[in-house]
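Since the structure comes first, as structure tokens, the remarks are kept for the end.
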Protein chains: 2
Amino acid sequence: MTSENQELKKAGLKVTLPRVKILQILETAGDRHMSADDVYRTLLNQGEDVGLATVYRVLTQFETAGLVIRHHFEAGTAVFEMAKGEHHDHMVCLDTGKVIEFYDPIIEQRQKEIAEEHGFVIEEHNLTLYVRPKG
Amino acid sequence: MTSENQELKKAGLKVTLPRVKILQILETAGDRHMSADDVYRTLLNQGEDVGLATVYRVLTQFETAGLVIRHHFEAGTAVFEMAKGEHHDHMVCLDTGKVIEFYDPIIEQRQKEIAEEHGFVIEEHNLTLYVRPKG
DNA sequence: CTAATTGCAAAAGCTTTGCAGCGCA
DNA sequence: TGCGCTGCAAAGCTTTTGCAATTAG
């Protein structure tokens with residue numbers, strides 16, 4: 001039994017070809033964040049006959065199950081990445097489109113403090129730096 | 001000459017009724033962030049006969065001119081706010097939808113440092129906390 | 001066997017665009 | 001008067017949904 005199958009079962013999802021393939025694609029993508037359409041095209045390139053609607057449905061199911069995280073970096077299209085254990089933020093290079101992940105305890109701590117100062121608790125947050133190469 | 005007219009002229013835009021009205025609506029909105037549709041409905045309520053397409057065009061022009069800022073808090077719809085002088089981040093209450101603005105020098109500083117550690121300069125950034133009332 | 005899943009096509013938002021007419025400078 | 005601006009309608013994009021056929025357990 002592959003690890004993909006275990007992940008799907010644990011999420012309460014039937015082990016179907018589209019789900020296994022999409023999970024593999026996302027795991028292979030590494031730090032690259034893929035849109036639903038990116039995943040769809042990759043499937044087509046692999047010769048798999050999966051509908052775009054299924055890709056959307058599966059990605060949403062994965063998100064609900066906590067397997068993947070959905071981001072809205074730029075308007076219009078959402079991108080997905082595998083949910084690794086720890087939280088992290090993103091730096092997106094405006095020149096190359098490259099995405100760098102980072103985690104800063106100081107920022108995390110300040111966020112929590114600021115929310116509490118206003119009488120709130122953070123449910124989640126989004127920090128994205130849009131950057132260009134220095135010099 | 002009203003201040004709206006001056007702002008528009010300075011932005012190189014002709015002073016037209018839709019533009020003046022939309023600018024007034026945004027200025028009146030205060031901390032409330034409005035979608036294009038919110039602005040459109042407000043215009044209709046005021047008895048103004050302005051098309052939704054015009055609202056979108058004008059808001060985009062205002063954004064280009066630096067008069068307003070466009071946010072994508074939740075997927076789907078963009079919201080707009082007047083560009084006040086200083087930068088600030090947002091806290092969005094998941095229960096009420098209320099938006100609170102804040103600014104934290106420590107976080108700003110760390111962001112800059114982190115970008116530089118990776119050889120980048122921040123062009124802009126987006127920090128949004130999604131929160132719920134404490135307790 | 002039976003409920004979950006899928007593909008296709010159609011629908012549903014939000015936003016943009018083409019075009020003829022209107023209006024500011 | 002001339003070019004910019006507007007309204008309307010249509011098109012564009014991403015994402016969702018209805019439905020009959022298919023498939024996993």
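Residue numbers begin at 1 in each chain, while the letters A, B, ... track the order of the sequences.
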Figure out the [atom1]/[atom2] separation between [X] and [N], and round it to whole Å.
X        : N       : atom1 : atom2 : value
Lys21(B) : dG7(D)  : NZ    : C1'   : 18 Å
Arg19(B) : dT6(D)  : CZ    : C1'   : 9 Å
Leu8(A)  : dT6(C)  : CG    : P     : 10 Å
Arg70(B) : dC14(C) : CZ    : P     : 14 Å
Asp37(A) : dT16(D) : CG    : P     : 14 Å
Leu23(A) : dT5(C)  : CG    : P     : 15 Å

Audit row: Phe120(A), His118(A), ring-ring contact (aromatic ring centres under 6.0 Å, His included) steps and yes/no: CA-CA 6 Å; Phe120(A) 290 102; His118(A) 289 81; 7.3 Å; no

Summary of protein contacts for nucleotides 20-25 of chain C, nucleotide by nucleotide, where a base hit scores B, a sugar-phosphate-only hit scores S (4.0 Å, heavy atoms): ---BBS

Under 3.5 Å, is there a donor-acceptor pair between the [X] and [Y] side chains?
X        : Y         : value
Asn45(B) : Thr42(B)  : no
Thr60(B) : Arg70(B)  : yes
His87(B) : Glu108(B) : yes
His88(A) : Glu81(A)  : yes
Asp89(B) : His125(B) : yes

DNA chain C contacts made by residues 52-68 of chain A, counting heavy atoms under 4.0 Å: Ala53(A), Thr54(A), Arg57(A)

Check ion pair Lys10(B)-Glu7(B) (N to O, under 4.0 angstrom): no

Test log, rule ring-ring contact (aromatic ring centres under 6.0 Å, His included), inputs His33(B) and Phe73(B): CA-CA 10 Å; His33(B) 295 54; Phe73(B) 289 149; 5.7 Å; yes

